[in-house]
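What follows is one structure encoded as structure tokens, with my remarks underneath.
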Protein chains: 4
Amino acid sequence: MNRRDFTSSRKLDHLRICLDEPIESGNTGFEDIRLVHEALPDIDMDSLSLNTRFLGHELGSPLFISAMTGGHPETKEVNAVLAEIAGEFGLGIGVGSQRAAIENPDLADTFSIVREKAPDTFIVGNLGIVQLKDHGIDWAERAVEMIDADALAIHLNFLQESIQPEGDHDASGCFTALRELCRELKVPVIVKETGCGISYETGLRCYGAGAACMDIGGYGGSSWALIESHRSGSVAGKENLQLKGLGERFGIWGIPTAVSLFEIEKCNGPVIASGGIRSGIDLAKALVLGADLAGMALPLLKPACEGPKALREVISTIHQELRICMFLTGKSRISELPEARWYVTGNTRDMIEK
Amino acid sequence: MNRRDFTSSRKLDHLRICLDEPIESGNTGFEDIRLVHEALPDIDMDSLSLNTRFLGHELGSPLFISAMTGGHPETKEVNAVLAEIAGEFGLGIGVGSQRAAIENPDLADTFSIVREKAPDTFIVGNLGIVQLKDHGIDWAERAVEMIDADALAIHLNFLQESIQPEGDHDASGCFTALRELCRELKVPVIVKETGCGISYETGLRCYGAGAACMDIGGYGGSSWALIESHRSGSVAGKENLQLKGLGERFGIWGIPTAVSLFEIEKCNGPVIASGGIRSGIDLAKALVLGADLAGMALPLLKPACEGPKALREVISTIHQELRICMFLTGKSRISELPEARWYVTGNTRDMIEK
Amino acid sequence: MNRRDFTSSRKLDHLRICLDEPIESGNTGFEDIRLVHEALPDIDMDSLSLNTRFLGHELGSPLFISAMTGGHPETKEVNAVLAEIAGEFGLGIGVGSQRAAIENPDLADTFSIVREKAPDTFIVGNLGIVQLKDHGIDWAERAVEMIDADALAIHLNFLQESIQPEGDHDASGCFTALRELCRELKVPVIVKETGCGISYETGLRCYGAGAACMDIGGYGGSSWALIESHRSGSVAGKENLQLKGLGERFGIWGIPTAVSLFEIEKCNGPVIASGGIRSGIDLAKALVLGADLAGMALPLLKPACEGPKALREVISTIHQELRICMFLTGKSRISELPEARWYVTGNTRDMIEK
Amino acid sequence: MNRRDFTSSRKLDHLRICLDEPIESGNTGFEDIRLVHEALPDIDMDSLSLNTRFLGHELGSPLFISAMTGGHPETKEVNAVLAEIAGEFGLGIGVGSQRAAIENPDLADTFSIVREKAPDTFIVGNLGIVQLKDHGIDWAERAVEMIDADALAIHLNFLQESIQPEGDHDASGCFTALRELCRELKVPVIVKETGCGISYETGLRCYGAGAACMDIGGYGGSSWALIESHRSGSVAGKENLQLKGLGERFGIWGIPTAVSLFEIEKCNGPVIASGGIRSGIDLAKALVLGADLAGMALPLLKPACEGPKALREVISTIHQELRICMFLTGKSRISELPEARWYVTGNTRDMIEK
Ligand SMILES: Cc1cc2nc3c(=O)[nH]c(=O)nc-3n(C[C@H](O)[C@H](O)[C@H](O)COP(=O)(O)O)c2cc1C
Ligand SMILES: Cc1cc2nc3c(=O)[nH]c(=O)nc-3n(C[C@H](O)[C@H](O)[C@H](O)COP(=O)(O)O)c2cc1C
Ligand SMILES: Cc1cc2nc3c(=O)[nH]c(=O)nc-3n(C[C@H](O)[C@H](O)[C@H](O)COP(=O)(O)O)c2cc1C
Ligand SMILES: Cc1cc2nc3c(=O)[nH]c(=O)nc-3n(C[C@H](O)[C@H](O)[C@H](O)COP(=O)(O)O)c2cc1C
């Protein structure tokens, strides 16, 4: 199996593990946040609007389908379903890392199916920051072109890389590459974590470099430390045992999503909250805390594998929950949610106090 | 089954579920509150008085029997028992929503039995705010007349409505209707939640509109989200499955009673604390925190179904507990209770700190 | 059984329940307090002294044997053992309520045995405040004379009284009686709670009335609500069922010992910490927080029933623990303990913060 | 068995208990501390350096092998393995108390093997403060010479001593002895606790006396109270039963490592964090909080008994974890770690707040 096939098949391993194993870790902090009920909302729930604008695009709701897949022939169908439903609801959607398809153009259709199925939707391309550093703006442009992307997410996943012996351990130069990309690329650049959250300081730095948006990818949802730990389990050998242990121990690493959101919100830039968003109630809390969109990955994976009907139902329910939260906080528009009041208790309170 | 019968039979479903299923959710916050013991009270417990005044009426105690039933022939007996005992003890009592009997006057006696059995008692009528908006002051007046009510509670139950597909989802115009009612109605208007609590802001708004009193109906006791979730379980079909899920997930929604009370108390108007009051100790805590009365629903339902003797005993015990709390905080009159000192810990402390 | 026999036999019931049933409730707050370790104490543990002065008396240690028994022939032996060991160690000791022996002088020897066995010890008489009010200084003087008491504890137990239908429910006039007693009695008066603690305000009031000392009797140790609840269980009948329930529900009532101590300490008078002191470590914490003595009842009861050898061992161990705590906080004298530093966390922290 | 043999064989008891019994107690506080993730570190993990300087020595990493053994023939092999690996990685290493070998020079090789196997390593001698007081600088110099030590740790273990009837209970004069030692000894003196932590005040005092470093030995890891409690269990007799009980009850005594570190850090002197450090993540947290080195004992004992291969693997993993933490906080040098940001929650937060 050469490098290209490896990247591609690893993608499949990850999907399987995410579908079958307990790969969620810790708490997002949203469980410590409680929205203040508005007993007398004075609005009509059925006529409130989930529509929102994001980076100049109109979206059907602030629910964002986070980057998950593509890059292996068997993932094409999953992306097709995700895109079909994204199109139906007018949701923003991210594709998984496009590296495999840039390395091997035969796989491009596993990504471009998204644009095909959702011609008018806000689609976000995806590339790892190390690939960006190694291959420069050229790969970034190819990623954008491949799916006619409206924005490009550069994902940061250094926890995942660092626990793997063969991972990309060199982050030096990445920030410079990011700054150049922001300057050159025609579409907005989203800086995206994948389970460890983004701190205030890093947020400031990235916005300063020209990033259009932070996608928090905070702690409390899918954990790449746990995913890699499970993956290592399937192969024997000492190196894998060490990876298994590291994965388990670093399963507690990261900034809880609510805490990261609280910090990034102070940077005053566009922000997607993600990592452990598990219901429309979580989504509402994220918006109240200042997120523009809230992304979900894992909870959409299983229904997407089942087909459009299952996914449609899941998303309808999430929308309904969001609608109820808006109604019960008396907000008829997404843009009003940040005015809702909230309580914060426990550890999350401790973490967000100055 | 036409609309009118439906409203009526749904009432019966609710009663049955409340009697049989675990429909209480979360904590009121009173468990985080501890009254400061007065080791040397210098008063006589047996001569202290539970009497109190509320909205110009003399009451035998600050225990209020919260709105529960009426509207189906089989509920008449329950209301009769509640009223008999309310009369005996001089307690204020609310009837359940009178909508069914306004829609179908044949049912009026299931409510008017309350006045019959308790001619001199402070009786509170009950109507949903959506019915008020839809039918105006006319229905409100009919509700008052039906039982010769001393006050009318307008209940807010938008969580319950919002999770039901066929619920009343339109709250717009409700506040205006409330303001008009307060201006026109001959008896005082009580704004009443039903399990989610009332925030400071909403309290201010309602008092400003002329409401005579807030009945908190806070989180931590009977949960309509759970009640509806259970009800949906008894019928098959997809819509019901969604309701079941929504009910479960929104079982955590609401402002805990103690927190809501703490907020409403700052509005400086009359207030009934309710939602999860489960003993005379809870009742005392509510009064110490500033409530004028404290309402109980669920804990009185079962004894009321058993008959006057059972209910009398339950209420005697609650009164005895309240008396002990007064004695052990050195307060010989209900009006002195707010001077008692208290400790607050944990999440409730976090929620009431500025 | 006439009144006098009843008082006496009830004493025996209480003893039996305390020996056999789980009658301890809640937390004292000492579990939230941690003494700062002194790694380099620079003192000699074996030559440090547990001696202390209290109300003008020299005591062998700050461990006080709290009031427990007397008043029934079968309790004489227990008091004999307690007194013998108190004498041996030079401990202060309180006798149980002397009411029974004042009502029935035949029982006086069950108390006077204490003075007999411990001629030189600091002995504290005991009378309920209601008896004081009802019978005035006369009974108080008889109590003192009966055992040649060095001080008289007036116990406050209104929780216990209040939950019993036949209890003394009238506390009015008690404070006046206390003030008069303090003015007239030849020996110092100790105001003593029995499981619910004393607040800052009550402490101020009692010191102001001339009380020489507060004996905290705080929440978190033996609970008279639970004791009475158990006692009610042994007799059938409705009244008893109600007592059982009240006892259980009021098992949570009271000011935790550490919190009460923290408050009373601010009154700047002599103070005995008691209620839930369960080891020499608790004792040390109490002294660090400002207590002059720390009293224990329940943990000494069982060994006292076994005999002097068992009690001697228990007290030796407590002393050894206290000695270790002094050593490990670098304090060679009891009077230096309040200078030790401590951490406070959790609910107790919340309760003692202003 | 004479005194010298006793000291020596007791060493062996301790080792066996540490290998077989649960002798860890409580929490270090590190579980309440969370490092802020740096999503975009901009450094190369594989080229970051674990090297650090400590007391003028170059070390391969800030992991310190805490004092454990020597003094019985059977422990020589364990020390040989520890030293071999310390040499390989360039780690600082402490030997166990050298008292037995000073009392009986035949045992000297169980310590000197460390210098033999690790000729260039930073080796720390070890002597109890009571031995220092009793035998003066002479024993200290013999301890240093025995292993050509680069520094001498004077250990404080008064909890362990105090709970044992035959323990050294006299700490008076110890501080003076320490001050003299610091003035006279040619190598730097480290003041070292063994499980109870060092307070700010004691730290200030020791630095003031000329100590070069504090080795915290805080609460939350190996507990000598529990070790002695277990040891007492193996022998019958009353004295042992008392020791067993005291050991259990004092198993909760001490300043949690993170809290002690927080205090000592304010003294601004060199500091080794130890006591309950259980992974490279704990190690990183300790460095972030201001430690220069972090010591581990118990987790290295079992692998050291298995042999160099097992120990090498354990230490490699710890180093890898530390490297990952540095990478994920964006610090490429050990000296930069204190600049990393951290959250603190719960009890530890309460304990470090002013
Ligand atoms: C199966 C799967 C594949 C993923 N692949 C990518 C990816 O290729 N690129 C990326 O930026 N994030 C990827 N992610 C991370 C998600 O976009 C998201 O940040 C993270 O899972 C947290 O959200 P969740 O808790 O809702 O799953 C993936 C997540 C999952 C579950
Ligand atoms: C069986 C039942 C029926 C109720 N019906 C009404 C109603 O018709 N109108 C209303 O305002 N509240 C109604 N409530 C709500 C109660 O008045 C009260 O606000 C709520 O149950 C919280 O109190 P609890 O925890 O003591 O039950 C009902 C509650 C129960 C348990
Ligand atoms: C069996 C028993 C009898 C007691 N009798 C009296 C009494 O007669 N008078 C009194 O002031 N306190 C009495 N007390 C209360 C104790 O003096 C003490 O205040 C209380 O038990 C709390 O301490 P503890 O938790 O160590 O038991 C008694 C306690 C017990 C356990
Ligand atoms: C088996 C064993 C023997 C020890 N012997 C000594 C000793 O002789 N001198 C000393 O200063 N500390 C000694 N210690 C204490 C350790 O150096 C360390 O301070 C303590 O164990 C806390 O670290 P840990 O939780 O990582 O074990 C010993 C610890 C263990 C586990």
Side-chain angles (χ1 to χ4, degrees), chain C residues 29-48 277-285 288 299 309-310 312-333 339-353, chain D residues 26 129 154-159 161-163 165 167-178 191-203 205-206 209 214 216-219 225 238 241-243 245-246 249-250 252-256 259-260 263 346-353:
Chain C
F30 287 122
E31 71 288 350
D32 285 336
I33 287 174
R34 186 173 272 270
L35 299 180
V36 176
H37 176 69
E38 168 57 89
L40 192 42
D42 221 29
I43 58 177
D44 179 6
M45 182 166 88
D46 294 339
S47 68
L48 61 76
I277 305 279
R278 292 294 172 262
S279 69
I281 303 178
D282 282 348
L283 201 165
K285 289 178 181 178
V288 167
K309 189 157 167 296
R312 190 179 294 118
E313 266 179 40
V314 165
I315 287 179
S316 294
T317 296
I318 294 166
H319 279 170
Q320 190 60 9
E321 289 165 354
L322 172 58
R323 217 173 260 123
I324 294 172
C325 289
M326 291 175 70
F327 186 52
L328 298 182
T329 53
K331 307 300 175 202
S332 55
R333 288 189 310 194
E339 299 156 21
R341 187 158 60 94
W342 43 285
Y343 307 108
V344 57
T345 55
N347 282 352
T348 304
R349 185 182 184 91
D350 284 349
M351 282 194 266
I352 70 176
E353 271 177 2
Chain D
I129 189 133
I154 298 300
H155 73 249
L156 316 176
N157 67 333
F158 286 111
L159 170 56
E161 298 295 349
S162 65
I163 61 173
D168 285 312
H169 294 180
D170 188 1
S172 64
C174 283
F175 183 69
T176 312
L178 176 69
V191 173
K192 172 179 188 303
E193 242 293 340
T194 50
C196 295
I198 307 180
S199 71
Y200 174 68
E201 295 82 356
T202 307
R205 221 156 30 100
C206 291
M214 295 293 117
I216 285 198
Y219 175 80
K238 175 190 137 189
L241 266 183
Q242 208 205 12
L243 173 56
L246 285 177
R249 277 191 298 283
F250 279 92
I252 56 131
W253 184 274
I255 311 175
V259 176
S260 175
E263 297 196 3
N347 282 352
T348 304
R349 185 181 184 91
D350 285 349
M351 283 194 265
I352 70 177
E353 271 177 2

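Chain A is the first sequence line, chain B the second, and so forth, proteins listed ahead of strands; every chain is numbered from 1.
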Just by modelled atom types, is the [Y] backbone N or O under 3.5 Å from a matching donor or acceptor in the [X] side chain?
| X | Y | answer |
| --- | --- | --- |
| D44(C) | S172(D) | no |
| R34(C) | I252(D) | yes |
| R349(C) | D350(D) | yes |

Quick one: [atom1] on [X] to [atom2] on [Y], what's the gap to the nearest 0.5 Å?
| X | Y | atom1 | atom2 | result |
| --- | --- | --- | --- | --- |
| L178(D) | L40(C) | CG | CG | 6.5 Å |
| L159(D) | F327(C) | CG | CZ | 10.0 Å |
| T176(D) | D42(C) | OG1 | CG | 5.5 Å |
| H169(D) | I43(C) | NE2 | CD1 | 12.5 Å |
| N347(D) | Y343(C) | CG | OH | 12.5 Å |
| F158(D) | L328(C) | CZ | CG | 9.5 Å |

Please examine the side chains of T317(C) and Q242(D), heavy atoms only from C-beta on, and report whether any two atoms are closer than 4.5 Å.
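Touching, per the 4.5 Å side-chain cut-off.
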
Specify which of V344(C), D46(C), L48(C) makes the most heavy-atom pairs with chain D at under 4.5 Å.
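Among the listed options, the one with the most contacts to chain D is D46(C).
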
* Asked: Is there a donor-acceptor contact under 3.5 Å linking the side chains of E38(C) and T202(D)?
  -> yes

The interface call for V259(D) against chain C, heavy-atom contacts under 4.5 Å, is side chain

So, the part of E263(D) with a heavy atom under 4.5 Å from chain C: the answer is side chain

Okay, I281(C) and chain D: the region with an atom under 4.5 Å from a heavy atom over there is side chain

On a heavy-atom basis, the closest approach of G197(D) and H37(C) is O-CD2, 3.2 Å

Closest non-hydrogen contact found for S162(D) with Q320(C) is O-NE2, 4.1 Å

message = Taking the six-membered ring of Y200(D) as reference, does the cationic atom of R341(C) (NZ for Lys, CZ for Arg) lie under 6.0 Å from its centre and within 45° of its axis?
response =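 No, R341(C) does not lie over the aromatic ring of Y200(D).
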
